[in-house]
Amino acid sequence: MATGGLTGRAAAARLGGRPLAIDRLALGYLALTGLFALALGGRAGLWIAVLHASAAVGVSALSRFTPRTGLRGFARASYPVLVTPALYAELATLNRFLTERYFDDAVQVWERAVFGGQPSIELSAALPWLPLSEALHLGYVAYYAIVPLALIGVYRTRGFEALHRTAFAVAGAFFLSYLIFAVFPVAGPRYEFAPIGGRIADGTVYGVVHAILESGSSKGTAFPSSHIAASLAAVLAAGREDARWLWLLIVPEAALALGTVYGRFHYALDAVAGLLLGLMAWAVSPRAVAALSRGNPEPRPGIKTSDSEPAVEEERRGRA
């Protein structure tokens, strides 16, 4: 009989005491940024390094715990994504350690060379239509729903391993973006150019989005767009597990990508770089998970495992 029929309970038993691939990914990010901060950041960098070392101890301890169901199972497989707001918040400090400047001038030169102008200004000026603006600003803020829906959805429909693979791709996109922010800080059009004026500025969604950004945005984190990179990785990785999530989330993802430029939150090249990084994170994540799992059982994408339903039964139904 096929060997893919491990129940979630059997898989948990085999995983006892072993770190997941996403644990090793998180440890790698904490180590890289902690050493970067320690080497270049003075007293502030020392505090960041200590915090990262403490977090790494906590991550290492997680290998003893393998809940596969419920809220604990969800948190166990996706905690690196859940803590990215805290990691994002420190970037405004982290990206000051290597350089005091922002590289917007370079990105603006590239923007003119590629697009013949500045799309982050010209797009809203060419299409100053309030309903379009509200729709694209709603698309921009949809980021806060796309990633959670992808993770929760794939966990509900495909189980723990599918969530682990999806969260790995999302965390990889976030971490790659954050590493770039640390050495190549770009403030973005919101700091460089005047905000959109006229009737567009009277929009309700416009006001909500700008209020959110004013309360929690880290300067120097524009290139690439981590919003686009992480959400695209989430949509594609969840879609690889269950195609329904791709079709449900791809339209909001497209609106997000357009909204980042229309709303003057990102340069067009930020958006393009975010798309490419998200695609890369999605494409390499299966091999990366396999390499970092080191013998841990990882069922193929699209195969559900749970305590009540063997994966082989799910595979058989999928072939029917």
Side-chain angles (χ1 to χ4, degrees), residues 22 74-75 77-89 132-159 162-178 181 188 204-206 208-213 215-218 221-263 265-266 268 270-285 301-302:
I22 202 166
F74 179 83
S78 62
Y79 72 90
V81 179
L82 302 180
V83 302
T84 51
L87 297 175
Y88 176 78
L132 176 64
S133 171
E134 290 288 272
L136 292 180
H137 278 83
L138 182 62
Y140 179 77
V141 81
Y143 158 79
Y144 297 101
I146 291 172
V147 173
L149 279 174
L151 296 179
I152 295 171
V154 83
Y155 185 48
R156 295 279 296 178
T157 62
R158 293 298 179 184
L163 170 63
H164 175 230
R165 290 188 293 266
T166 303
F168 186 98
V170 177
F174 272 126
F175 292 162
L176 287 170
S177 298
Y178 290 1
F181 297 156
T204 301
V205 183
Y206 175 98
V208 169
V209 171
H210 281 265
I212 292 172
L213 290 174
S215 67
S217 180
S218 289
T221 58
F223 181 92
S225 170
S226 61
H227 284 74
I228 293 177
S231 59
L232 181 62
V235 171
L236 295 177
R240 179 159 53 199
E241 305 292 342
D242 186 335
R244 289 173 292 183
W245 298 109
L246 173 65
W247 299 118
L248 179 66
L249 297 173
I250 195 63
V251 172
E253 176 65 24
L256 164 62
L258 289 172
T260 61
V261 180
Y262 184 95
F265 308 120
H266 285 280
D270 299 344
V272 172
L275 289 170
L276 293 175
L277 195 150
L279 283 168
M280 182 180 73
W282 165 74
V284 304
S285 61

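Both backbone and side-chain heavy atoms feed into the values below; hydrogens, waters and symmetry mates do not. In this text the structure is predicted, and so the values were computed from the model without any measurement.
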Subject >> Side-chain heavy-atom pair Phe74, Arg156 within 4.5 angstrom cut-off >> reply: no
Original post:
Sub-3.5 Å donor-acceptor pair from the side chain of Arg165 to the main-chain atoms of Arg240, do we have one?
Top reply: no
Original post:
Closest approach of Ala271 and Val261, non-hydrogen atoms and distance?
Top reply: CB-CG2, 3.9 Å
Original post:
Roughly how far apart are Phe181 CZ and Leu176 CG, rounded to 0.5 Å?
Top reply: 10.5 Å
Original post:
Once you round to the nearest 0.5 Å, how far does CH2 of Trp245 lie from OG1 of Thr157?
Top reply: 6.0 Å
Original post:
Does His164 use its side chain to pair, donor to acceptor, with the backbone of Ile22 at less than 3.5 Å?
Top reply: yes
Original post:
Between CG of Leu256 and CD1 of Ile250, what distance do you get to the nearest 0.5 Å?
Top reply: 10.5 Å
**OP:** Please check if the side chain of Glu241 supplies one atom and the backbone of Leu163 the other of a donor-acceptor pair under 3.5 Å.
**Re:** no
**OP:** Would you indicate whether the side-chain heavy atoms of Leu277 and Ser177 approach each other to under 4.5 Å?
**Re:** yes
**OP:** Rounded to the nearest 0.5 Å, what's the gap from CG on Leu258 to CD on Glu253? Could you check?
**Re:** 10.0 Å
Original post:
So, His210 versus Tyr140, ring centres under 6.0 angstrom or not?
Top reply: no
Original post:
Nearest heavy-atom pair of Leu236 and Leu279: which atoms, and what distance?
Top reply: CD1-CD2, 3.6 Å
Subject >> Closest non-hydrogen atom pair, Ala237 against Thr166 >> reply: O-OG1, 3.8 Å
**OP:** Please report the shortest heavy-atom distance between Ala273 and Pro224, naming the atom on each side.
**Re:** CB-CB, 3.5 Å
Original post:
What do the steps show when you test Phe174 against Leu87 for side-chain contact (heavy atoms from CB on, under 4.5 Å), and what is the final call?
Top reply: CA-CA 10 Å; Phe174 272 126; Leu87 297 175; over 6 Å; no
**OP:** Evaluate the side-chain proximity of Asp270 to Thr260: yes if any heavy-atom separation is below 4.5 Å, no if none is.
**Re:** no
Subject >> Distance, nearest 0.5 Å, that separates CD1 of Ile212 from OH of Tyr144 >> reply: 5.5 Å
Original post:
Does one side chain, of His227 or Ser231, offer a donor that lies under 3.5 Å from an acceptor on the other?
Top reply: no
Original post:
Hey, what's the ring geometry for Tyr262 with His137, parallel, tilted or perpendicular (30° and 60° as the breaks)?
Top reply: perpendicular
**OP:** Can you see which heavy atom on Ala238 is nearest to which on Val154, and at what distance?
**Re:** O-CG2, 4.2 Å
**OP:** Nearest 0.5 Å please: distance from the CD1 atom of Ile152 over to the OH atom of Tyr155.
**Re:** 11.0 Å
Original post:
Between Leu82 and Pro85, which heavy-atom pair has the shortest distance, and what is it?
Top reply: O-CD, 3.4 Å
